[in-house]
Amino acid sequence: MKRLVEADFCSRNTVALARSLIGKHLVVDTDGERGAFVITETEAYDGPEDLACHASKGRTKRTETLFGPPGCWYVYLCYGVHEMLNLVTGPVDYPAAILIRGLGEVSGPGRLTKHLGIDRRFNARTASVETGMWVEDRGSRPNEADIETTPRIGVDYAGDDWANRPYRFVLKA
DNA sequence: TAAGTGATCTCT
DNA sequence: GAGATCACTTAA
């Protein structure tokens, strides 16, 4: 078992990182209650040129976290209701992140955060034991053939080119 | 299929 | 300050 730290996420190849997160475990330890969940669905948001990535519209107060060091959580509110959980990747000043959309028993990014009790307090925090939420590699690798690759969800506004890119990874049941 | 929801960003 | 936008969910 290995806890993934900053160095594991500093690769510029966000798409490959997103794929490699499938089958790893998200561990939450808040209020003395610990839970570990298999990551089954991720999406890559890669760089300033990715029109689906928040940072493509420039560096702002909200997206500041995306430009920060890798291995941090980026949590933000969407549609006024749902908190989204992302893991920042790439070197400092390179805006990229992986959206965690699904865990073993939870499907849907909004439900996921609600289920785990995650909110914007985690934004810009490092993924570590100290902050109560991190990622672990428990050794078991899913079969490559069981990882499905599809375009991302809900990003039609980004234009055909970016909306159709195969940046989403799902572990088949 | 449509509407609810509120932070954020881009104009004034 | 006002208006548009939005990486979703739920109930019908």
Side-chain angles (χ1 to χ4, degrees), chain A residues 4 9 11-24 26 28 35 37-91 93-127 131 133-135 147-173:
Chain A
L4 300 184
F9 300 114
S11 163
R12 232 180 146 92
N13 194 340
T14 308
V15 177
L17 273 176
R19 185 187 178 93
S20 71
L21 270 189
I22 298 287
K24 293 199 169 31
L26 177 69
V28 195
F37 310 87
V38 186
I39 296 169
T40 55
E41 189 176 346
T42 61
E43 283 181 10
Y45 289 85
D46 185 20
E49 295 181 357
D50 181 352
L51 296 180
C53 182
H54 287 167
S56 66
K57 298 187 184 66
R59 191 168 185 154
T60 66
K61 195 175 178 185
R62 178 179 60 151
T63 59
E64 186 63 28
T65 310
L66 285 172
F67 292 83
C72 286
W73 300 113
Y74 170 49
V75 184
Y76 75 96
L77 189 67
C78 181
Y79 298 116
V81 186
H82 307 287
E83 320 265 0
M84 300 283 164
L85 177 63
N86 301 247
L87 188 57
V88 178
T89 64
D93 287 336
Y94 183 78
I98 297 166
L99 169 65
I100 304 194
R101 292 184 57 92
L103 302 175
E105 53 228 67
V106 194
S107 64
R111 307 195 57 186
L112 183 155
T113 49
K114 189 180 176 189
H115 186 252
L116 299 181
I118 294 164
D119 59 30
R120 278 158 289 162
R121 285 175 306 163
F122 281 94
N123 186 44
R125 290 221 212 163
T126 305
T131 57
M133 182 161 63
W134 65 94
V135 179
I147 300 180
E148 206 170 350
T149 306
T150 80
R152 291 173 292 187
I153 303 297
V155 294
D156 289 348
Y157 67 91
D160 286 349
D161 182 22
W162 288 101
N164 291 328
R165 293 205 182 197
Y167 281 8
R168 174 170 174 255
F169 303 98
V170 188
L171 183 66
K172 289 189 204 167

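All values below come from the heavy atoms of this structure, side chains included, with hydrogens, waters and symmetry mates left out. To find a chain, count down the sequence lines: A is the first, B the second, and so on, and within it residues start at 1.
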### Query
Say you draw a straight line from CG of A:L66 to CG of A:D93; how long is it, rounded to the nearest 0.5 Å?
12.0 Å

Name each donor-acceptor pair under 3.5 Å that joins a side chain in residues 109-116 of chain A to protein atoms two or more places apart or in another chain, with its distance.
residue : atom : partner : partner atom : Å
A:T113  : OG1  : A:E83   : O            : 2.7
A:T113  : OG1  : A:G110  : O            : 3.0

### Test side-chain contact (heavy atoms from CB on, under 4.5 Å) applied to A:N13 - qualifying residues, sequence neighbours left out
A:S11, A:V15, A:A16

#### Entry: Value rounded to 0.5 Å, distance of CG in A:L85 from OG1 in A:T42
12.0 Å

### Message
So if I take residues 52-82 of chain A and measure heavy-atom distances to DNA chain C, which residues fall below 4.0 Å?
### Response
A:A52, A:H54, A:Y76, A:Y79, A:H82

### Query
When all nucleic acid strands are considered with a 4.0 Å heavy-atom cut-off, which category describes A:R152: base, sugar-phosphate, or nothing?
nothing

### Query
If you measure from CD1 on A:I100 to CG on A:L21, what distance do you get to the nearest 0.5 Å?
6.0 Å

### Task
Apply the test side chain to side chain contact (heavy atoms under 4.5 Å, CB included) to residues A:W162 and A:V155: give CA-CA distance (whole Å), side-chain angles for both, the deciding distance (0.1 Å), then the verdict.
CA-CA 8 Å; A:W162 288 101; A:V155 294; over 6 Å; no

#### Entry: Interatomic distance, A:T150 atom OG1 to A:Y167 atom OH [nearest 0.5 angstrom]
13.0 Å

### Query
How long is the span from the CG atom in A:D46 to the CZ atom in A:R165, to the nearest 0.5 Å?
9.0 Å

### Query
Using Watson-Crick and G-U wobble pairs whose two distances are both under 3.5 Å, how do you write the pairing of DNA chain C as dot-bracket, with | for links to another strand?
||||||.||||.

## Note on the structure
DNA chain C: first to last nucleotide in contact with chain A (atom under 4.0 angstrom from a heavy atom), 5' to 3', is C:dC6 to C:dT10

Under 3.5 Å, side-chain donor or acceptor atoms of residues 67-77 of chain A against the rest of the protein: list the pairs with distances, not counting sequence neighbours.
residue : atom : partner : partner atom : Å
A:W73   : NE1  : A:M133  : O            : 3.2
A:Y74   : OH   : A:H54   : ND1          : 2.9

### Query
When all nucleic acid strands are considered with a 4.0 Å heavy-atom cut-off, which category describes A:R168: base, sugar-phosphate, or nothing?
nothing

### Message
Quick check against the 3.5 Å criterion: does A:E43 have a side-chain atom that pairs as donor or acceptor with the backbone of A:R101?
### Response
no

